[in-house]
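Notes for the one structure printed next.
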2 protein chains.
Amino acid sequence: MRKKITSIGFQKNLSKETSGSLADQVRDHLRKRILNHEWQAGAKIPGEFELAAQYKVARVTIRTALRSLETQGLIDIRHGSGAYIADFGDSVRAGLQELRSITQTIREMGHKAEMITRSSEVRKATEKEALDLQITQESGVLHIERAITADGEVVAFSYDTFNVEELTPAVIRRISTGSAFAALDSIRKHPVRARAEIHAISSKEIGWGRGRPPSGLYLLLRQVHYLRNGSPIVTGDTYFVEGKFQFIIHRTI
Amino acid sequence: MRKKITSIGFQKNLSKETSGSLADQVRDHLRKRILNHEWQAGAKIPGEFELAAQYKVARVTIRTALRSLETQGLIDIRHGSGAYIADFGDSVRAGLQELRSITQTIREMGHKAEMITRSSEVRKATEKEALDLQITQESGVLHIERAITADGEVVAFSYDTFNVEELTPAVIRRISTGSAFAALDSIRKHPVRARAEIHAISSKEIGWGRGRPPSGLYLLLRQVHYLRNGSPIVTGDTYFVEGKFQFIIHRTI
DNA sequence: TCCTCAATAGTTGTACTACAACTTAGGAGA
DNA sequence: TCTCCTAAGTTGTAGTACAACTATTGAGGA
């Protein structure tokens with residue numbers, strides 16, 4: 001029997017998180033190379049045939065990965081010419097449409113990220129939470145309130161609510177103390193998609209402690225995260241202190 | 001000589017704007033079918049072989065289109081099973097990462113959209129404008145200030161600046177009186193990508209007239225639009241009155 | 001010398017075929 | 001009735017061939 005395709009053996013080494021299809025893995029690896037400034041803005045990346053040789057995969061697989069990167073606005077494919085790095089400076093690191101943890105984004109920008117948990121409790125769902133998580137109000141949820149800091153300065157206050165049905169006791173403890181994304185990843189419940197609303201808010205009621213800005217001005221990200229099978233896993237509001245965190249969106253046709 | 005592939009003859013009819021590759025056209029057409037609720041949320045769309053037969057294109061082309069829609073968060077492809085409509089309700093209509101004119105979005109949501117021009121002038125570029133548009137400060141720019149209304153109510157104030165080098169006198173007139181996107185489209189200078197920063201702003205200095213909100217609270221979209229060849233064509237700040245316009249972002253891995 | 005334009009090599013786009021990997025439903029067997 | 005296996009159906013990857021487009025080169029003429 002022929003060797004399984006899914007057990008990858010890239011010439012270019014892959015990180016630990018080798019999940020998803022081959023094309024997804026190639027896409028993730030190429031994205032890292034791009035964000036790592038292997039090529040500078042406007043530069044032409046290797047052709048599809050050469051990339052296929054580098055990764056030891058078919059050209060179809062490379063093309064799938066490249067089209068995905070183009071949709072995300074990272075590269076620019078020109079018929080008959082090649083694929084070029086989109087000129088967006090370093091902003092892609094903070095791209096809002098890429099689903100990643102805030103702390104990880106802060107770290108990748110070269111700062112020290114911390115999460116300070118203010119409260120953590122398991123209780124029954126509120127009406128809005130039940131609606132967002134597609135559960136009944138009788139169901140239990142894990143509600144956590146945290147402040148996110150970069151280099152000791154508060155950049156956001158977050159109010160998150162998890163569906164406990166999807167969690168294990170060990171994961172609940174881990175979420176309360178560290179990154180939620182990492183904890184969910186350990187039980188293969190990593191969200192793959194989120195729907196987010198954005199609002200401008202001015203309020204003195206948000207947040208706590210000395211990290212609260214005098215202006216009371218926040219950018220509110222109200223979002224629901226979904227698993228691959230389409231079921232919601234966590235919902236929450238994150239209040240970003242205006243000016244502390246730059247939000248970038250790449251808009252494409 | 002064989003018939004040109006680019007002269008399409010879909011079984012499924014295409015709109016007038018038949019631009020881009022075959023896969024792009026199929027993607028746009030499929031997106032319209034999705035937003036038109038041809039399939040309900042969670043439903044399975046036809047398989048790749050059947051879609052290829054419907055559109056009379058190769059399966060490769062269908063796959064390219066479907067992957068693009070998946071990256072945009074409109075569908076959900078599952079290996080060995082099929083592609084399913086992502087359950088995001090009607091929110092996709094106002095998706096922020098889709099590059100389209102505000103007025104068109106308002107109209108598609110079933111409201112009456114208008115643009116009221118307050119001022120329009122050709123002058124030299126400011127420092128920031130020259131930087132954004134990658135031109136010198138000696139170059140001329142078209143600066144326009146407008147209010148955007150939905151059903152007669154102001155939803156946003158916009159301050160836009162165009163690179164006049166890329167425009168014709170006729171287009172300048174057309175931009176001043178109507179939709180910029182439509183005018184740019186007429187000379188094949190339709191932007192295909194934009195980089196946008198989002199900010200929360202509270203100010204009494206923004207906007208004019210009775211449409212100015214008492215709270216002075218805005219969601220600021222500060223963006224630069226790029227052509228296919230990578231050169232910037234227009235930059236501008238749009239101040240959305242908080243609460244009048246719902247911003248949705250689909251976040252994916 | 002400079003410009004124009006045709007030839008050409010290189011790259012992406014599409015078509016077609018074949019098979020691997022996965023999902024789902026249905027039937028055989030206990 | 002339940003479990004497990006089989007089979008059919010679907011997406012994922014491989015490979016080849018050619019069409020369509022881009023960019024470069026260089027020959028020819030003004």
Side-chain angles (χ1 to χ4, degrees), chain A residues 1-10 18-30 39 42-71 75-85 188 228-230, chain B residues 1-10 18-30 39 42-71 75-85 188 192 227-230:
Chain A
M1 180 177 159
R2 207 163 123 183
K3 198 178 82 173
K4 269 191 160 192
I5 294 180
T6 44
S7 49
I8 31 69
F10 283 174
T18 59
S19 59
S21 64
L22 243 186
D24 284 349
Q25 298 173 41
V26 171
R27 176 202 59 193
D28 290 343
H29 194 262
L30 278 172
W39 306 282
K44 184 173 174 299
I45 70 178
E48 297 177 352
F49 286 103
E50 185 179 334
L51 286 176
Q54 278 187 16
Y55 285 98
K56 295 192 204 292
V57 298
R59 193 177 149 227
V60 163
T61 307
I62 296 293
R63 282 182 60 73
T64 302
L66 291 181
R67 286 287 299 203
S68 185
L69 291 171
E70 188 191 33
T71 304
I75 62 173
D76 204 8
I77 305 177
R78 298 178 201 162
H79 186 185
S81 176
Y84 300 81
I85 304 292
R188 314 288 267 161
R228 179 163 295 282
N229 65 9
Chain B
M1 180 177 157
R2 206 164 124 182
K3 198 178 81 173
K4 272 191 159 189
I5 292 181
T6 42
S7 49
I8 30 70
F10 283 174
T18 60
S19 60
S21 65
L22 243 186
D24 284 349
Q25 298 174 41
V26 171
R27 176 204 60 194
D28 291 343
H29 194 262
L30 277 172
W39 305 282
K44 183 172 175 297
I45 71 177
E48 297 178 351
F49 286 102
E50 184 179 334
L51 285 175
Q54 278 187 16
Y55 286 97
K56 294 190 202 298
V57 298
R59 194 179 145 222
V60 167
T61 307
I62 295 293
R63 282 182 60 73
T64 302
L66 291 181
R67 286 288 297 203
S68 185
L69 292 171
E70 187 190 32
T71 304
I75 62 174
D76 204 9
I77 305 178
R78 299 180 200 158
H79 187 187
S81 176
Y84 299 81
I85 304 293
R188 312 288 267 162
V192 296
L227 299 178
R228 179 161 295 281
N229 64 9

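We name chains A, B, ... by the order of the sequence lines, and we start the count at 1 in each one.
- Each end of the helix from C/dT1-D/dA30 to C/dA30-D/dT1 yields a helix axis from five base pairs, and these two axes differ in direction by 0° (to the nearest 10 degrees).
- What separates CZ of A/Arg78 from C1' of D/dA20 is a distance of 17 Å, to the nearest Å.
- Rounded to whole Å, atom P of C/dT23 lies 13 Å from atom CG of B/Asp76.
- Across all non-hydrogen atoms, the minimal contact from A/Lys44 to A/Trp39 is O-CD1, 4.3 Å.
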What nitrogen or oxygen pairs link the protein and nucleotides 7-9 of chain D at under 3.5 Å?
unit_1 : atom_1 : unit_2  : atom_2 : d
D/dG9  : N2     : B/Gly80 : O      : 2.8

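- Distances from the side chain of B/Lys44 to the nucleotides C/dT14, D/dT10, D/dG15 place D/dT10 closest.
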Can you list the steps and then say if A/His29 with A/Gln25 is a side chain to side chain contact (heavy atoms under 4.5 Å, CB included)?
CA-CA 6 Å; A/His29 194 262; A/Gln25 298 173 41; over 6 Å; no

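- Listed nucleotides D/dG12, C/dT14, D/dT13 differ in distance to B/Ile77; the shortest reach to its side chain belongs to D/dG12.
- Distance OH (A/Tyr55) to C1' (D/dT13): 17 Å, rounded to an integer number of Å.
- One interatomic measurement links the two molecules: CZ of A/Phe49 to C1' of D/dA17, which rounds to 10 Å at whole-angstrom precision.
- Of the two residues near DNA chain D, A/Thr61 and B/Leu66, the one whose nearest nucleotide lies more 5' is B/Leu66.
- Here C/dC22 presents its C1' atom at 14 Å from CG of A/Leu22, a figure rounded to the nearest Å.
- Side chain of A/Ser68 to backbone of A/Thr64: no donor-acceptor contact under 3.5 angstrom is found.
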Between side-chain atoms of residues 78-85 of chain B and protein atoms elsewhere (two or more places apart, or another chain), which donor-acceptor pairs fall under 3.5 Å?
unit_1  : atom_1 : unit_2  : atom_2 : d
B/Ser81 : OG     : B/Tyr84 : OH     : 2.5

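- In this structure, B/Glu48 places its CD atom 15 Å from P of C/dT14, rounding to the nearest Å.
- Note: B/Arg27 CZ to B/Ile62 CD1 = 13.0 Å, rounded to the nearest 0.5 Å.
- Residue B/Val26 comes nearest to B/Ala65 through the heavy atom pair CG1-CB, 3.9 Å, listed as atom of the first residue, atom of the second, then distance.
- Summarising the geometry, atom OG1 belonging to B/Thr61 is positioned 6.0 Å from atom CG belonging to B/Leu22; distances are rounded to the nearest 0.5 Å.
- Remark: C1' of D/dT10 and CD of B/Glu70 are 15 Å apart, rounded to the nearest angstrom.
- Look at B/Arg63 and you'll find a side-chain N or O under 4.0 angstrom from OP1 or OP2 of D/dG12.
- Inter-residue side-chain proximity for B/Leu30 and B/Leu66 is flagged as met; some heavy-atom pair is nearer than 4.5 Å.
- Once rounded to the nearest 0.5 Å, the distance linking CD1 of B/Ile77 with CG of B/Leu69 reads 8.0 Å.
- The nearest whole Å value for the distance from the CZ atom in A/Arg59 to the P atom in D/dT13 is 16 Å.
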